[in-house]
There are 4 protein chains.
Amino acid sequence: MLKPASSTGKRELILNAAAKVFSRHGFHRARMEDVAAEAGVGKGTIYEYFESKDSLFKELVREGLNFYSRAKLAETGKDSLGEKLRRLFLVHLKFSIDYRDLSKVALSDYATGSEDIRRWVSSMRQEKVARLKEMLDQAKERGETGRDLDTGVAAVLIWGALGSLWYQVTWEEPPPDIDGMVDQSVQMVMRGLENG
Amino acid sequence: MLKPASSTGKRELILNAAAKVFSRHGFHRARMEDVAAEAGVGKGTIYEYFESKDSLFKELVREGLNFYSRAKLAETGKDSLGEKLRRLFLVHLKFSIDYRDLSKVALSDYATGSEDIRRWVSSMRQEKVARLKEMLDQAKERGETGRDLDTGVAAVLIWGALGSLWYQVTWEEPPPDIDGMVDQSVQMVMRGLENG
Amino acid sequence: MLKPASSTGKRELILNAAAKVFSRHGFHRARMEDVAAEAGVGKGTIYEYFESKDSLFKELVREGLNFYSRAKLAETGKDSLGEKLRRLFLVHLKFSIDYRDLSKVALSDYATGSEDIRRWVSSMRQEKVARLKEMLDQAKERGETGRDLDTGVAAVLIWGALGSLWYQVTWEEPPPDIDGMVDQSVQMVMRGLENG
Amino acid sequence: MLKPASSTGKRELILNAAAKVFSRHGFHRARMEDVAAEAGVGKGTIYEYFESKDSLFKELVREGLNFYSRAKLAETGKDSLGEKLRRLFLVHLKFSIDYRDLSKVALSDYATGSEDIRRWVSSMRQEKVARLKEMLDQAKERGETGRDLDTGVAAVLIWGALGSLWYQVTWEEPPPDIDGMVDQSVQMVMRGLENG
DNA sequence: GATGAATGAGCTTTCATTCAT
DNA sequence: TATGAATGAAAGCTCATTCAT
């Protein structure tokens with residue numbers, strides 16, 4: 001599912017199964033045996049492809065983020081901030097719908113595994129927010145936002161807003177009209193960023 | 001600490017200890033033994049006051065939310081939306097700083113615990129968002145927001161923004177100038193809610 | 001059995017069980033579950049008293065050696081070398097008969113557990129041989145041995161001879177006339193140490 | 001290496017690899033995969049030549065002992081007991097140095113392996129000791145030893161002394177002057193065997 | 001009530017062995 | 001013949017929960 005199922009790669013098979021199981025039960029309740037069963041392989045086989053449970057989780061998230069990043073590459077520097085945000089939101093949410101299971105695992109801030117994983121996930125968040133801040137900084141220089149916008153705070157707020165939408169879409173309501181929702185959301189956000 | 005230490009209640013003792021331990025290690029890695037040690041009571045004693053680990057967790061979150069709600073009661077219906085949001089943000093974040101441990105557990109740590117806890121935490125979120133929506137609906141009727149604001153989406157966005165600030169304050173940066181940050185944030189949010 | 005069963009010490013209970021099981025199957029084949037069963041306690045109980053399987057093994061050997069050492073304390077500095085050796089041999093073998101299981105585990109050079117244990121057992125052997133060499137050195141000074149005896153080599157040889165007797169007694173033949181055997185052995189050894 | 005590399009036999013290849021790996025980690029910690037890697041063959045190939053891990057171990061030891069025995073054949077019946085022992089010791093220790101890995105496995109590592117292996121190794125020891133006793137008996141008849149030497153006990157003692165030297169040479173000290181050490185040792189032993 | 005020693009289900013991980021290629 | 005991907009039994013260890021004191 002991650003790759004178009006060209007080769008019967010066991011690795012992909014296991015990653016997909018892991019996405020399902022991890023998203024269903026959370027990291028700790030997920031049993032390696034269930035992942036194996038879901039993938040239709042033996043328990044030992046997982047360990048041929050992944051070092052440990054921790055490692056499997058990390059790989060899964062990394063894979064998800066890579067895939068997600070690839071999708072975002074379309075974004076060009078020339079677009080207006082509004083357009084960029086619209087695309088960011090849209091890609092994020094579309095991805096969450098298409099890869100529901102993976103998304104639950106990979107994009108969740110809540111995922112708490114070992115201390116190690118925890119730190120790793122946290123650093124990921126910080127990086128994302130930092131990147132968003134950069135985007136805002138550039139827009140601010142081009143006069144697309146208010147002169148005295150605190151881009152640091154704004155980045156945090158926007159990231160949270162996006163995360164919240166994502167949560168709604170992924171965990172609660174069955175996805176409604178995404179595009180409309182995104183349009184409205186970005187409009188609000190943009191108004192919030194502009195000068196009074 | 002949760003209650004003004006009127007009765008030397010073992011219950012409070014345990015809840016405080018649980019807040020510390022759960023926040024340190026997350027739900028699954030936290031051991032009942034550590035909670036007992038932290039509280040200075042025997043392992044068995046915990047079970048005199050709480051049915052199970054799951055139950056202890058729930059009680060802890062419930063207690064936290066109650067306390068948090070109580071603090072919010074000050075909010076009067078007559079305030080402007082901006083003022084209400086400012087207070088919401090402020091109370092939320094102040095609470096997170098004053099009760100750091102409890103906050104880490106009660107307001108985050110989703111997706112952990114048993115299936116049961118999971119659903120329960122999720123329903124809590126929905127309720128909070130619903131209440132926020134109500135607040136927006138009332139403001140909308142009084143013309144404090146744009147005419148065609150989708151209060152449902154707005155509530156989700158705002159909740160996420162607040163959550164993101166909270167995360168920053170609680171987990172990452174050592175709390176800076178909270179009031180200033182809240183003012184800025186609410187300003188942005190309010191602009192976002194007003195008509196173009 | 002190690003202590004006269006005065007208190008129903010679980011620790012002793014487990015050590016005795018471990019001696020039995022380890023001696024029966026060797027370190028690796030021995031399962032903690034079997035030790036537990038043999039001791040008539042739950043699997044978890046072992047871990048209340050010992051850190052790990054490795055640790056249990058080490059404690060067992062240490063306990064054995066302590067007990068064995070205590071028995072040897074009788075040895076006085078004034079005795080002749082022959083007398084000392086006779087006592088060394090006798091104590092060693094008597095101990096092996098009385099505490100057959102423990103002896104198999106504790107006095108065996110063969111026990112190979114983890115790399116860690118291996119080194120530890122090896123160092124134990126070296127220490128024993130060193131102590132034997134000291135004894136020979138003193139005797140040499142008092143003229144009880146040949147003038148040009150290489151006490152280092154002699155110590156190794158004697159240690160091996162004793163070990164071999166021990167093996168015979170412990171693992172193979174049902175113990176015959178120990179005292180006679182020891183007398184003969186020490187006589188041979190003493191002759192070997194004297195001048196030509 | 002075991003055979004003069006006449007045929008490029010996979011079998012020898014594997015045995016040599018097994019000697020290395022078994023001696024490095026001991027029987028249980030040694031993994032068949034490592035043996036395969038060391039031998040430069042596939043894991044499955046080992047099973048073309050050996051029934052099981054147990055079997056591989058046995059073959060290895062048997063091979064070692066055969067080779068060792070072959071080397072000893074030089075021993076003629078006419079030699080004096082002292083000469084015979086000197087040769088026994090020398091061959092034993094030289095072998096241990098030349099085939100360090102094999103030696104570590106074949107002559108030690110008792111008590112490891114399955115119950116089966118254990119008994120087998122033990123019986124090997126008994127046979128060796130018995131043969132040594134025969135040698136002593138013959139010497140006794142020829143008057144080379146004391147009249148009332150208990151050859152049974154003596155054999156055990158000598159075997160242990162030799163084993164101890166071997167241990168020293170193989171596991172602990174980097175081999176020093178072997179010949180000198182052997183001369184000294186045999187001298188001591190011989191004195192021990194002679195009449196008072 | 002309060003305790004903590006005792007428990008065993010449950011989990012991750014290893015590795016000898018098999019078998020389709 | 002040779003291979004190594006796949007397997008699953010087996011084992012060490014954890015920890016929520018119980019219950020005799």
Side-chain angles (χ1 to χ4, degrees), chain A residues 8-11 13-14 28-37 39-56 114, chain B residues 10 13-14 25 27-37 39-57 114, chain C residues 8-11 13-14 25 28-37 39-56 114, chain D residues 10 14 25 27-37 39-57 114:
Chain A
T8 329
K10 280 264 164 54
R11 198 167 184 282
L13 205 60
I14 293 170
H28 276 107
R29 309 283 287 195
R31 291 154 65 248
M32 292 301 265
E33 187 146 19
D34 292 340
V35 175
V41 302
K43 222 182 323 173
T45 305
I46 299 179
Y47 289 87
E48 296 286 328
Y49 293 90
F50 302 93
E51 289 246 314
S52 64
K53 194 185 182 185
D54 264 40
S55 163
L56 172 59
S114 65
Chain B
K10 283 255 172 61
L13 210 57
I14 293 170
H25 304 106
F27 179 80
H28 275 106
R29 311 284 284 196
R31 291 150 71 251
M32 292 298 266
E33 186 146 18
D34 292 340
V35 175
V41 302
K43 230 182 316 178
T45 307
I46 299 180
Y47 288 87
E48 297 288 333
Y49 294 91
F50 302 93
E51 286 252 311
S52 65
K53 194 186 183 187
D54 266 38
S55 162
L56 171 60
F57 181 82
S114 65
Chain C
T8 330
K10 280 264 164 55
R11 198 166 184 283
L13 206 59
I14 293 170
H25 303 106
H28 275 107
R29 308 285 285 197
R31 290 153 67 249
M32 291 302 265
E33 190 147 16
D34 292 341
V35 175
V41 302
K43 220 184 325 173
T45 304
I46 299 179
Y47 289 88
E48 296 286 331
Y49 295 89
F50 303 92
E51 288 247 312
S52 63
K53 193 184 182 188
D54 265 40
S55 163
L56 171 59
S114 64
Chain D
K10 284 255 172 59
I14 293 171
H25 303 105
F27 179 80
H28 275 105
R29 311 284 284 195
R31 292 150 70 250
M32 291 300 265
E33 186 146 19
D34 293 340
V35 175
V41 303
K43 229 182 315 178
T45 305
I46 298 179
Y47 288 87
E48 296 289 332
Y49 294 91
F50 302 92
E51 286 251 313
S52 65
K53 194 186 182 185
D54 265 37
S55 161
L56 171 59
F57 180 82
S114 63

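What you see is a predicted model; the values in this text were computed from it and never measured. Lettering of chains follows the sequences in order, A, B, ..., and the numbering in each one begins at 1.
Between A:Asp54 atom CG and E:dT13 atom P the separation is 8 Å, expressed in whole Å. If you measure from atom CZ of C:Arg31 to atom P of E:dG8, you get 15 Å, rounded to the nearest angstrom. Between B:Met32 atom CE and E:dT3 atom P there is a gap of 14 Å when expressed in whole angstrom units. Rounded to whole Å, the distance from CG on C:Leu56 to C1' on F:dA11 is 15 Å. Between the P atom of E:dC15 and the CD1 atom of A:Ile46 lies a distance of 18 Å, rounded to the nearest Å. The separation between B:Ile14 atom CD1 and E:dG1 atom P is 11 Å, rounded to whole Å. Between B:Asp34 atom CG and E:dG4 atom P the separation is 14 Å, expressed in whole Å. Here the C1' atom of nucleotide E:dA16 and the CZ atom of C:Arg29 are 11 Å apart, to the nearest Å.
A sub-4.0 Å separation between OP1 or OP2 of F:dT17 and a side-chain N or O of B:Lys43 is absent. Residue D:Tyr49 places at least one side-chain N or O closer than 4.0 Å to OP1 or OP2 of F:dA2. Checking the phosphate oxygens (OP1, OP2) of E:dA2, a side-chain nitrogen or oxygen of B:Lys10 falls inside 4.0 Å.
Summary of the strand contacts: A:Glu48 and B:Glu48 both lie near DNA chain E, and taking for each the nucleotide with the nearest heavy atom, the more 5' one is attributed to B:Glu48. For the pair B:Lys53 and D:Gly42, both in contact range of DNA chain F, the more 5′-proximal nearest nucleotide belongs to D:Gly42. A residue-by-residue look at B:Thr45 and A:Glu51 shows that B:Thr45 has its nearest nucleotide of DNA chain E further toward the 5' end. In terms of position on DNA chain F, the residue among A:Gly44 and D:Gly40 whose nearest nucleotide sits closer to the 5' end is D:Gly40.
Among the atoms of the strands shown, only primed sugar atoms or phosphate atoms (P, OP1, OP2) are found under 4.0 Å from some heavy atom of A:Ala30.
Closest approach to the B:Tyr47 side chain among E:dT13, F:dT18, E:dT17 is made by F:dT18 (side chain taken as heavy atoms from C-beta onward).
If you check F:dA9 for Watson-Crick or wobble pairing at under 3.5 angstrom, you find it paired to E:dT14. With both pairing distances under 3.5 Å, F:dA20 is matched to E:dT3 as a Watson-Crick or G-U wobble pair.
Nearest heavy-atom pair across A:Leu13 and A:Ala39 is CD2-O, 3.4 Å. B:His28 approaches B:Lys53 most closely through the heavy-atom pair O-NZ, 3.5 Å. Residues D:Ile46 and D:Val35 come closest through the heavy atom pair CD1-CG1, 3.9 Å. Nearest heavy atom pair, residue B:Met32 against residue B:Ser52, reads CE-C, 4.4 Å. Closest heavy-atom contact between B:Ala30 and B:His25: N-CB, 3.9 Å.
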